[in-house]
Structure formats: C-alpha cells, structure tokens
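Labels below follow one simple rule: chain letters A, B, ... track the order of the sequence lines, proteins then strands, and each chain is numbered from 1.
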Amino acid sequence: MPDVPAPFIVLDHLVKTFAGVKALTDVGFSIAPGEVVCLAGENGSGKSTLIKILAGAQAPDDGTITIDGRVHHRLGPRAAVAAGIQVIFQDFSLFPNLTVAENIAFSTSLAAGSRWVRRGRMREIAAAALARVGVTIDLDTPVEKLAVADKQLVAISRALVSDARLIIMDEPTSALTEREVRALIAIIRRLKGDGVAVLFVSHKLAEIFEVCEKIVVLRNGRKVIEAPAAEFDPATLAFHMTGRRFEPAPPTPGSTDAPPILEAAHLTRAGQLDDVGFTLHAGEVLGITGLLGSGRTQLAKALFGLTPIDSGTIRICGRDIAIRSPRAAIAAGIGYVPEDRLTEGLFLAQSIGRNIAVGRLDAHAGFAGILDRPAYATEIDQWLERLRIAAPDAATPVQSLSGGNQQRVVLARWLATNPKILILNGPTVGVDVGSKSDIHAIVAGLAAAGMGLIVISDDVPEILAVSHRILVMKAGRIVDTFAGGAIGEADLARRLAS
Amino acid sequence: MNEPLDGAGPTPDATLRRTASPTFRLLASPIGRLAVITVLIFVALALLAPSRFVSVGNLTSMAFQFPEFALLSLAMMLAMLTGGIDLSVVGIANLSAILAGLALHAAGPEASAGTATLAIGAAIVVSLAVGAVCGVINGLTIGRFALPPILATLGSGLIYTGLGVAITGGSAVLGFPAAFAIIGNGSLGIVPVPLILFAVAAVGVAFLLGRTAYGIRIELLGTNPLASRFAGIDDFMVTVKTYVLSGMLAALAGLVVMSRANSAKADYGSSYMLLSILICVLGGINPNGGFGKVSGLVLAVLSLQFLSSGLNMLQVSNFAREFIWGGLLLIVMVVNTFELVRHRR
Amino acid sequence: MPGTSRPSLLARIDFGRNETLLVLVILAFSAVTALVAPSFLSLPTLFDLLRNSIVMGIFAIGVLLVLISGGIDVSFTGIAVFSLYTTTLILTRLGVPVPWWAAFLLSIAIGTALGLVNALFIAGFGLPTLIVTLGTLSVIRGVLLTFVGSTLISNLPVGLKEFARLVMIRGTTAEGYFFSLPWAFAALVGVVAVTWVLLQYTTLGRSIFAIGGSPESARRIGIPVRAVQTFVYAYVGALAGLAGIIHASLARVANPFDLVGLEMSVIAAVVLGGARLAGGYGTITGTLLGVVLIVLVNTSLILLGIPSTWQMVVIGALILVGTGVPAWQARRTALRAG
C-alpha cells in the first residue's frame, strides 16, 4: 500500500434507537478519498439506518461524523450534500414527471440556494454529468419514460453533479442485469480514479469482492468486522453476515422422466414475447434467466394471466387452457410468487393470516360466502408451522416480519392453494443469506413432492443451484436450453451478457 | 424498509396491551376510547340537563334522527374500505328518493289501502334499484375506467343531483300515501322503524366484513390493489359490488329522509356528506382504505347524535353546527395522527 | 418525434395532448351553439365569456397549484366568501373611504391567513388534503355565518364601487349591443403571468412539481417539502381572497351565501385541463382552456335550448368523460406494457 491518505469521513460510535430497539450500536469506521468500501449485512442489520444518518435524513442519538476534520453531531439533507455526500437510493429517488436534465441538476440549484431556474445552465450541468458517466440519454425526456437501467444512470449522474466526494449506493444492482452491473463497476472504477469515494451497500456476495477494497460487516446493529476485501472469501463473509456457517448448496439431481405438466407453445405478445415454447415436467425445477427486458417477467405474467397472450397455446396436464386472468390461472393450478414482494406480493399492513389465506377464501366460504372460521384459522396456523415462519401470532401485521419471513408468507399463500405449477420470480431478491438457502431447500422439496416449478432469476448462482433445466431468454425469445449441471457459472453469465 | 422493526417482535403497542391493566387496555384501543368518549358525552349531557336530555321524548326523537345519516355513513364507510371515497352518497339518496317519490305521487295521498301498499312497495323497489344503478355507474368508472374515486364520485354526484334538479325543476316532490310515513316516523312497539332499518343494515355490513370472503377481499383490496390482482382477487367485481352496496344503503337513507320529511327534493341533506365523512374518520375508518369496524362507526354516530341533541337544547344554529362538525373533524384527525406517530415509534 | 420529412400541419397536432382535445371540444361546442343560435357569434358573447372567466380563472390557477403539489383543496370558495364579506364589513364599519387596492390587500391578507390554516393541518400534521379542506370549508363558513354575519351587504364601500366602474374595453356593436370588459380582467392576466413565471422559472415552482411527482424523493434531495406545501396553500388562500373581493365588487354586493358550491366546477375545469389528482402534472394553458369550457357550458346551455337545471348534469358528465378517457387510455397503455 502506498502512503495512506487522510480519511474523508470518519464515523465514530454512532448509536440510533427506535422504540427501545437499538438499530445501531457503537458503529464506527472511516473512508478515504477514492476508496471503495463495502457495507455488507443482512436485512435488519442496520445498513439502512446508517445510510439515512449519512444522508442527513435521520439524526444519530449519539456519536459523531467527522468530515474533512470537521466534527458533526448530525447532518441535515442539505448539509450532507454540501459536505459532498450523495446517496443513490434503491428506488433511485427520481422525479418521474420531470425531465432528465431537471432531475440531474435540481439538487445543484437547491444547494446553491438559487431562486431562479436557468434552463441553459441546467442542461449544461446535466450533459456534463452524463458525459462523465459515459452515456448519452436525451435530456428532455421525462424520467418516467426511461428504462430502469437508464434511470439508475440518471441517479448516478445526479450524484456526480454536486462535486460529490462520497457516493453511497444502496443495493445498486438489485434492478440491474449482469451486463449493466459490469457497466456500473466500470463507472465506480472511473469515479475512484477521480478521487471520489464509494460506499457500496449490498448483500450480493459476488459483487462485493469484485468492486471493494475494504469490507465493513454489520450484524444486529453492530460492526462485527472491518478488513481489506482480500482477507475475505465468500464463506467467511457469509459467516460474518449471518453468524452461521453454510454448506454449499447440494448439486441437484438430473431431470426426471415424469409426464409433462405444462406445455407452452408459440406464446406471442406484441413487442414482449415472440414464439416462446417449452415443457415443464412434474417434479422438475425449470430455471428461466435473462436480462431485464428479455421477456422473463412477461412470460411469467402471461402464464399467470396478468397480461394475456395474443396467440399461442398453454396446455396443462394435457388440456388446452385459455388463461385470461389470474383467477383462471389459479383455477388451472398455477401459483405465482411475484418479483416485487412489497408492492405485488403482500398486503403489508394486514395480518399474516389474511396474507396467507387470501388464495383460499373461497375454499373456506360456505353458504352465501360465510367463512368457516375455525377451519380457516387452523389452516393458517398449520402453514406458519410448516414453513417455520417466525411470528408471534397470525394476527401480526406482515410488515413487521423480516424479508425472509415475508417471502415465506407469500410462499405459504400459494402452497395452500395446492398448485400443480408454481412460478417464482426473483424468489430471493432482498432476502438475507440464511433465508435464501432455506427458500432454495423449500423449492427442492416441492419438486421432490411432484410439483412443477419455474424459477425466474438473473442471479446466476441461484439459477444453477436450483434448476434441473435452464432456459435463457433474450428479446422475448428462448435462445438457449441447458441441462442443469451442463453449464458453469462463468459460461452462463457470458451467455446472458452476450 | 421498516428496518428498525425487523425482528423486533410484536409492536410496542401490542406488548402494552398484553401487559397493561384492563382500564388502560380499554383506552389503548381506538374503539375502546371512542366508547368511553361516547359514554362521557352522554353522562355530561345527562348531568347538565337531566330532565330534558334523558327524557323518553328526547331519547326517542334522537332514535328517529340519526338513522338517516348513519345509513349514509355506512355507505361512505364501504367506499372508504376499498381505498376510495363516495362523494355521491347524498346525490344518490336524493335522486332515488325523487324517483321513488314520483312513483308514490302517482298513488296520491288519498289512495286506498291496497293501492297505497302497492305503491309503497314499488317506491322501495324503485329507490333501491336507482341506488344500485348509481352504484354500478360509480363502480364502472372507478373499476373499469380507472378514474380516481374522488373525481369519479364528484362527477357522478353532480350528475345524480343534477338529474334530481332537472326532473323536479328544483322543487320538492310532495303528496305521498299516509302509510308511507311508517318508514321514517313509525315505531314497532317503542322502537322506531328507521332505527330498526339502520340496525339491520349495520349488523348486515358488520357480518359481511367480518365473516365473509367478500368482506375480507374488500379490506385486502383497500390495503393494496396491485397485490390484490396478483393474489387473484377480482378487483373489478369487488369494486362494483361495494359501490352498488354503498349506493343501495344511500338509497335506503334517502327513503328514510323522504318519509320523515314527507317530501323528496334534490338538495336535502347537503350537509350529510361532510357529516358522513366525519363519522367515518371519528369511527376509526382509515381514509386510505383497508381498515375499519362497524362498531366504531356506530359509536361515532351515537356520540355525534348526543352532541347534536345537546346543541339543539342550546338552540345552536345550523351554521354554528357546520362549524362545530368541521372543527371536530379536524381535531379528531389531528388526534389520530398523534396516535399513529406513537404507534410507529 | 424527429421525422424524416416535414409532416403536414394536421399530422403535427398531438391529439394525445389534453390542450388539443380541449380546443377541439371548445370549437365543436361553439360551432353547435352558433348553429342553433347565430347570436352566439358576437362580441358581447365573447366579452361575457371573458368577464365570467375572471373569478373562476383566478380560483382555477390556485387549484392548479394544489393539484400539481399532489393535494386537493375544496375550501377556497369558503375562503373567498369569508375574505370578501369580512373585508366589506370591516370597511363599512370603518366608514372612512378607502381606495380599492387597500380593500384588495385586506381581502388577500385574510385569504392568505385562512390558507395558512389549511397549511397547518396539511403541511404541519400531514393530514389527507381532501378531508382537511372539507373540514376547513365548513369551519370557515360556519364561523362566517355564525359570528361575522349572514345578511347581504348591498351598499359596498366606495373603493369597491369605483373599482367596478373601471372598464378596460368598451364598445357597441353595429346592431347596437353594448359590450365591455372590466379592469378586473387584468387581475386574471396578472395572476396568470405571475403564476406562470413562478411555475416555470423559479426553484420554488419547480419544487411544487417535484413534491407532486415524488414527495419522498423531494425530501431526500433536501426540498423543504412542508415549506413548499405551506406556500401552496397560502397562495391558494391569497388567490381566493383576490377572487372573492373581485366577485363582490363586480356583483356589487357582498353575499355571505355566495360562491360556496362553485368549487366542484372549478376543480372540474382544472382536471379537464389535464392536471392529475395524483400530483406532478398540469399546465396553465390547459387550466385556462378548462375554465373557458366550463364557462362556455354554463352560458350556452340556455342558448342551446337546454334548461339551466341541466347544468350540473352536463358538468358532471364532462368530469367523468374528460378525466375518464385519459385515465382509461393510461390504463390500457399500462396493461399493454405489462
């Protein structure tokens, strides 16, 4: 290591408590200019709280933040920006109704305290920021019309304009495809060259090693370790994050010769799906992977009747079935665990019980739709037990559960309908390492019991770990089919990105 | 997202409720608190004016007064539970009453008993049918054409009221068979008929919400419409059914008003729209949808009726009453936010 | 969209835009009215239209701001009538002749104060805007009619009488019909100009769009969301005070029962003009066109031989159709995009 530069920011003994629960306890570390630091930790470890304190959205109860030698006891949003701290939130925090130029330049004019809008200057700032990131996006397009990856580029460009010295990226890759992740890592390297520090917050282990020099791990609101990235390997990092050791996922058995349970042929939907056909057997886990916009989610939505197909046939257990609504799909024995658990999957403020029972209401409804309440309650309790959902009782709102337990609630809902086919779209997005392997085990168990499962994911190790067969989608078509175990991680990643 | 809550187990409030004394538990739940407030208002008025407030006459007259706006509040509540609002309830009540009134009018005040019964039956059918049709229109515009409920019911409310004005030319429809007064002014034993109507409707709605699949679907839809679609709930049918039910309850309220006033007019009860929203908010119905109990609504109705009766004894003008209702709405909402803030912490 | 060759005029019209649709509807409505009643196409009709647009136009600009910020306000008519009546009462009791502009300032000040009351509940306590403003509407009106007064003041202060006589344009048609436009119209023009500059060229104005587009993002980049909301409701209050006093002066009477009830038509005009209830969208041009359409409907139904009792039905139908069609299109596009 060459001479160590003076740190840009030093966090010291930060404490934050919510309703008696300590979200952060005595957390402290430093970041040097141009250093890429990774903040790793499971959901609930205190990462978000730390980000909010650095962004000036929340004040710590105790501790200090020293920036360039100046000690702060708290930061406001503007003070954070003035100190050169920029946060790229998971949802990007953009204004859908404003143009690209305005989105990028808004915070600058706010920080400068200018009362008047100078559009020419705004466009210059925006164009320069986009150029620094190395992309071209039309400055006058409203952000709502952009693709997800472009939105993120706009968010990064916005972070750059106000002479950012530290950019905090909160789970920056969760909405990105492999290829876009590559581009993002290249941008981070370029920022580093310019002396901009990056705090990369993630729980995707592979990325962490690729991009970071130093890793700080939080667990239950405490810093458990801070060390150069070279001193970790995936197993030790997972251990520090969870406090548990993990065996690598067992290799999956080869495909069975069971009868086909779902046969899709020539599925077409203008601009989204182009002549897609495949077969799913009972007891099989079919992995479908592809970049964002490859049609992977469209295929799931078509099968589940959310966006019905224009043409093509779907046969379930040998019978042609027209699926024009989710109800038709459910009646045909299909369940769907959606991509976005918080908005599509769950009724957050409602009880765990209702979240599980929603698919079974008709089954428990007798004369005039009146519910058989004892049967209803018994069934819910059974599912809490079967999927080991950690909750005080079924009346608890589902929003008080952790990501992993929430995903189990969604799974329970579908398993309760006893589906023949279960489609899981991004089953472990935002789920901590421990729950992730549990969910993979549940998937394997369901297949062993004879269910047909489709797992959609762009998480290559996940697809490899769970699938008997893998389909690769691109531009609405299936371009490759591999038997599980016939392709390695590097090859599959390359097939995706090419 | 809710990181600090993750793994924190039951919310602090739930823990409190489990460990605290019965009195505290009563006050910690919104409905318990409302029950205490209702009783306090009653006791205060009873002490202030024992002879006038607790008299049989006053109690009966209160029991005749509140069912009409209580029914409208029930209609408003259903819309709010789906995450919407129904600004057209008063319009529906008046339009359905006017059309039913025209049916009754055909029979005339001196109709024979047979004709009168027939006409009253027809009027009830007309009224509920009009309420249902208005509800279908609301449900279609919201469920199919994706209009925000505020705009949809604002527009449809203008149309319903406007049709009432256009049909009657702005004047009242008069001249009903005498027997029609039973709906609004009659009693079964000592129990007023309108009170019975409301009780039946309230029990029905409470049963629907608490014990049927459809009721749970309403509350789930109101919590998260997108997740409802993904869970296979037929959001369109639930929306339409709910607004139809809301429309029919409004029509029932219209019948009661018409019978009590012995006339129907397009601008009756214009203050009831605000009042019904106030009752829902006071009764703990979440205006963002998904949560609310009929018991809360009934308590809110009772406390407002007691207050209103007290204001009557003080001879407070209608304008001052408008001021008090508005002020109460604001205060209750402010108090409720402090509750929420405390729960979230 | 950049085309390879220059498209024809017709092809260049963007029919998806609210403004375009509104212009077409207004033209169609005028054409039908003119066919039925040729007297419609005359200067007096035009000037009546402009004159009738003043008060509603000022209200609508205020409502536009609220809708852009992601809220809704139904209390502005109450604020207007409170301001106009209280101002008139104070000036009458004072007995000293006061120039019209002083009366205007007083009314605007009262309106602003009442707008700040809305802001207290909305920005301060974070309560839902529709329910708050329904509540303040009845409080304001209740206070006015209970404590301030409930009788007509038909003898307005001198200043206001003078203002009503200030005429910007006057003339007589060849047929001998008299027409005129009061200087009050300049108030609308001024409000439009000021609001346009505010929305397009100031950080505050853009912040209003920003909080309507995404309140959470606005908070994160350091926009003082509560301060912006407070400004919005105060501004609406100020405009309501202005509109109220102009209304009284033009009507030559201060009527405490006036104006309330008009709010639905104003909101209809703004929403027809393309502002979205969800916030973040809306233009001044669209809003003014919406006002013209509503005023046109109000004045020309009679010419069309439709009894004025049908007015409400027509406005209600306009709201449903005018907002339903874009909402339905948006939903279909969203469905197509999956």
Side-chain angles (χ1 to χ4, degrees), chain A residues 51-52 55-57 75-82 86-89 91-99 102-103 105-119 122 138 142-145 155 158-159 162 269-273 293 295 297-302 306-308 310, chain C residues 1-2 14 16-18 64-65 67-71 194-228 231 274-283 286 326 330-338:
Chain A
I51 296 172
K52 282 180 190 147
L75 293 169
R78 286 192 196 210
V81 169
Q86 285 284 332
V87 183
I88 301 173
F89 286 95
D91 59 4
F92 309 143
S93 282
L94 296 172
F95 301 103
N97 55 332
L98 303 184
T99 63
E102 209 164 5
N103 264 286
F106 207 124
S107 43
T108 334
S109 53
L110 267 184
S114 53
R115 300 215 167 142
W116 299 95
V117 173
R118 289 157 60 205
R119 274 165 217 272
M122 226 169 205
D138 178 32
V143 160
E144 63 186 341
K145 299 224 163 96
R158 180 172 73 181
S162 15
R269 188 163 199 270
Q272 293 171 346
L273 293 176
T297 295
Q298 292 310 328
L299 177 59
K301 285 189 170 176
L306 283 159
T307 51
D310 298 335
Chain C
M1 291 287 117
D14 181 359
R17 280 185 56 158
N18 245 16
L64 172 68
L65 244 68
L67 289 191
I68 292 176
S69 79
V194 168
T195 311
W196 184 71
V197 171
L198 172 77
L199 286 180
Q200 291 304 316
Y201 294 102
T202 68
T203 307
L204 176 60
R206 300 316 291 171
S207 301
I208 299 175
F209 276 97
I211 66 172
S214 169
E216 188 55 34
S217 306
R219 218 163 281 131
R220 283 177 179 166
I221 70 164
I223 294 176
V225 174
R226 290 176 170 204
V228 174
F231 169 80
R276 292 193 208 160
L277 218 53
Y281 300 85
T283 62
R331 180 174 188 148
R332 286 212 325 201
T333 327
L335 267 181
R336 280 300 336 164

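Nearest heavy-atom pair across A/Leu98 and C/Arg206 is CD2-NH2, 3.8 Å. Taking each heavy atom of A/Phe106 and C/Ala210 in turn, the nearest pair found is CE1-CB, 4.0 Å. Nearest heavy-atom pair, C/Gly222 versus A/Arg78, reported as atom, atom and distance to 0.1 Å: O-NE, 3.3 Å. When all heavy atoms of A/Pro96 and C/Ser214 are compared, the pair lying nearest together is CD-CB, 4.3 Å. Considering every non-hydrogen atom in both C/Gly280 and A/Asn97, the closest pair reads O-ND2, 2.7 Å. Taking both residues in full, the closest heavy atoms of C/Arg220 and A/Pro77 are given as O-CB, 4.2 Å, listed atom of the first, atom of the second, then distance.
Under the salt bridge (charged side-chain N to carboxylate O under 4.0 Å, His left out) criterion, C/Arg276 pairs with no residue, sequence neighbours left out. Applying the ring pair (Phe, Tyr, Trp, His ring centres under 6.0 Å) rule to C/Tyr281 yields no partners; only residues at least two apart in sequence or on another chain are considered.
Partner of A/Trp116 under the side chain to side chain contact (heavy atoms under 4.5 Å, CB included) criterion, chosen from C/Val197, C/Leu204, C/Thr203: C/Val197.
Contact of A/Glu144 with chain C is made through the side chain alone, with heavy-atom distances under 4.5 Å. In this structure, chain C has a heavy atom under 4.5 Å from the side chain of A/Arg158, while its backbone stays farther away.
At most 12 non-hydrogen atoms from other residues, nucleotides or ligands lie less than 6.0 angstrom from CZ of A/Arg115.
Your options are C/Gly205, C/Gly213, C/Gly212, and the one with the most heavy-atom pairs under 4.5 Å with chain A is C/Gly213. Annotation: maximal heavy-atom pairing with chain C below 4.5 Å, among A/Val81, A/Val87, A/Asn103, A/Leu94, occurs at A/Leu94.
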